[in-house]
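Below: one structure, written as structure tokens.
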Amino acid sequence: MSNIEEIKKVVVKIITGVTTGSGMYMKELNAIITNFHVVAGERMVAVQFQDESRLIGSVSVVNPQTDLAIISLQQPVDLPGIVFKNEKARHQEKVFALGYPFDLPFTVTAGIVSSPEYQKGSIKYIQTDAALNPGNSGGPLVNERGEIIGINTQVLKDAQNVGFAVPVEYLIEETTLLKQEGVKDQYRV
């Protein structure tokens, strides 16, 4: 999949007992990719699709260090498959943040990559000025070529339009491990 219109179709809303977030469907694993902080403390969550249908998913893999989580679905979903390539963010390239901010309907915001490799501790982030708000967490950051380059994860408190995404390389690492080990409850550190 290399088209932003196709990527839009796989972005879902994650509903927990206390909050909402975003995620994206990965057909190969029949699972939803999101942020750890979206599902922290939850074992089961509701996944709402763009047609407003819902399924229950179980949180099967979490990695607090990279802020990634994988939610397994019990039944297959008729959505396109996502192909994740290890595409690096490029300084000042145009990007789009997809998701469900503030429990609103699906939105897309645009901006640029302010810094392709912002380092915090041992983790690298993509810094962007695309508007990210609570609820955008877990949704994809997509470049103009329609490639997912990151997963929206956080904003800088008290700043305006300073947001961060986890680079797709961490997601590729996580899903590769999952394919090798199979889906079972996993907590990575």
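If you read the sequence from its start, that first residue is 1, and numbering goes on from there. Both backbone and side-chain heavy atoms feed into the values below; hydrogens, waters and symmetry mates do not.
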Given a cutoff of under 4.5 Å between side-chain heavy atoms of I, L, V, M, F, W and Y, with clusters grown through shared members, what are the other residues clustered with L104? F102
Are I32 and V62 linked, directly or through intermediate hydrophobic residues, by side-chain heavy-atom contacts shorter than 4.5 Å (ILVMFWY only)? yes
Got a sec, which residues hit side chain to side chain contact (heavy atoms under 4.5 Å, CB included) with S137, two or more places apart in sequence or on another chain? N35, H37, V38
Path from F36 to I70 over hydrophobic side-chain contacts below 4.5 Å: yes
Pairs satisfying ring-ring contact (aromatic ring centres under 6.0 Å, His included), at least one member in residues 14-34, at least two apart: none
Can you tell me how far the CD1 atom of I172 sits from the CG atom of N86, to the nearest 0.5 Å? 4.5 Å
Interatomic spacing from CD1 in I149 to CZ in F96 - rounded to 0.5 Å: 10.5 Å
Give the cluster check for I126 versus V11: same hydrophobic cluster or not, with ILVMFWY residues linked at side-chain heavy-atom distances below 4.5 Å. no
Residue pairs meeting salt bridge (charged side-chain N to carboxylate O under 4.0 Å, His left out), one or both in residues 87-101, sequence neighbours left out, come to K88-E169, E93-R145
Can you confirm whether more than 12 heavy atoms, excluding those of D51, are under 6.0 Å from its CG atom? yes
If you round to the nearest 0.5 Å, how far is CG of L141 from OG1 of T128? 5.5 Å
ring-ring contact (aromatic ring centres under 6.0 Å, His included): pairs with one or both residues in residues 66-85, sequence neighbours excluded: none
Treating Ile, Leu, Val, Met, Phe, Trp and Tyr as nodes and any side-chain heavy-atom pair under 4.5 angstrom as an edge, say whether L98 and L171 lie in one connected cluster. yes
Quiz: residues 108-123 side-chain donor-acceptor pairs under 3.5 angstrom, not counting sequence neighbours:
unit_1, atom_1, unit_2, atom_2, d
T109, OG1, A131, O, 2.8
Q119, NE2, G121, O, 3.1
S122, OG, Q65, NE2, 2.9

Quick one, I148 with M24, criterion side-chain contact (heavy atoms from CB on, under 4.5 Å). Give me CA distance, side-chain angles, the key distance, then yes/no. CA-CA 11 Å; I148 296 170; M24 49 191 157; 3.9 Å; yes
Donor-acceptor pairs under 3.5 Å, side chain of residues 12-21 to any protein atom, not counting sequence neighbours: which ones?
unit_1, atom_1, unit_2, atom_2, d
K13, NZ, D103, OD1, 2.8
T16, OG1, V18, N, 3.3
T16, OG1, T19, N, 3.0
T16, OG1, T19, O, 3.1

Rounded to the nearest 0.5 Å, how far does CG of L73 lie from NZ of K27? 11.5 Å
Non-hydrogen side-chain atoms of Q74 and L55 separated by less than 4.5 Å: no
dist N161:CG -> Q127:CD (nearest 0.5 Å) comes out at 11.0 Å
Considering only Ile, Leu, Val, Met, Phe, Trp and Tyr, and joining two whenever side-chain heavy atoms are under 4.5 Å apart, list the other residues clustered with M44. I56
Tell me which pairs pass ring-ring contact (aromatic ring centres under 6.0 Å, His included) where either residue lies in residues 48-82, with sequence neighbours left out. none
Tell me who clusters with V155, hydrophobic residues only, linked when side chains sit under 4.5 Å apart either directly or through other members. L132
Where at least one partner belongs to residues 120-148, residue pairs that pass ring-ring contact (aromatic ring centres under 6.0 Å, His included), sequence neighbours excluded: none
Across all chains, not counting sequence neighbours, the salt bridge (charged side-chain N to carboxylate O under 4.0 Å, His left out) partners of E52 are none
Do Y100 and V142 sit in the same hydrophobic cluster, where Ile, Leu, Val, Met, Phe, Trp and Tyr count as joined when their side-chain heavy atoms come under 4.5 Å apart? yes
Under 3.5 Å, side chain of T34 to main-chain N/O of S22, donor-acceptor pair present? yes
The residue among I7, I4, I82 that forms side-chain contact (heavy atoms from CB on, under 4.5 Å) with P140 is I7
How many angstroms lie between atom CD of Q75 and atom CG of N30, to the nearest 0.5 angstrom? 8.5 Å
Quick one: are T175 and I33 in side-chain contact, heavy atoms under 4.5 Å? yes
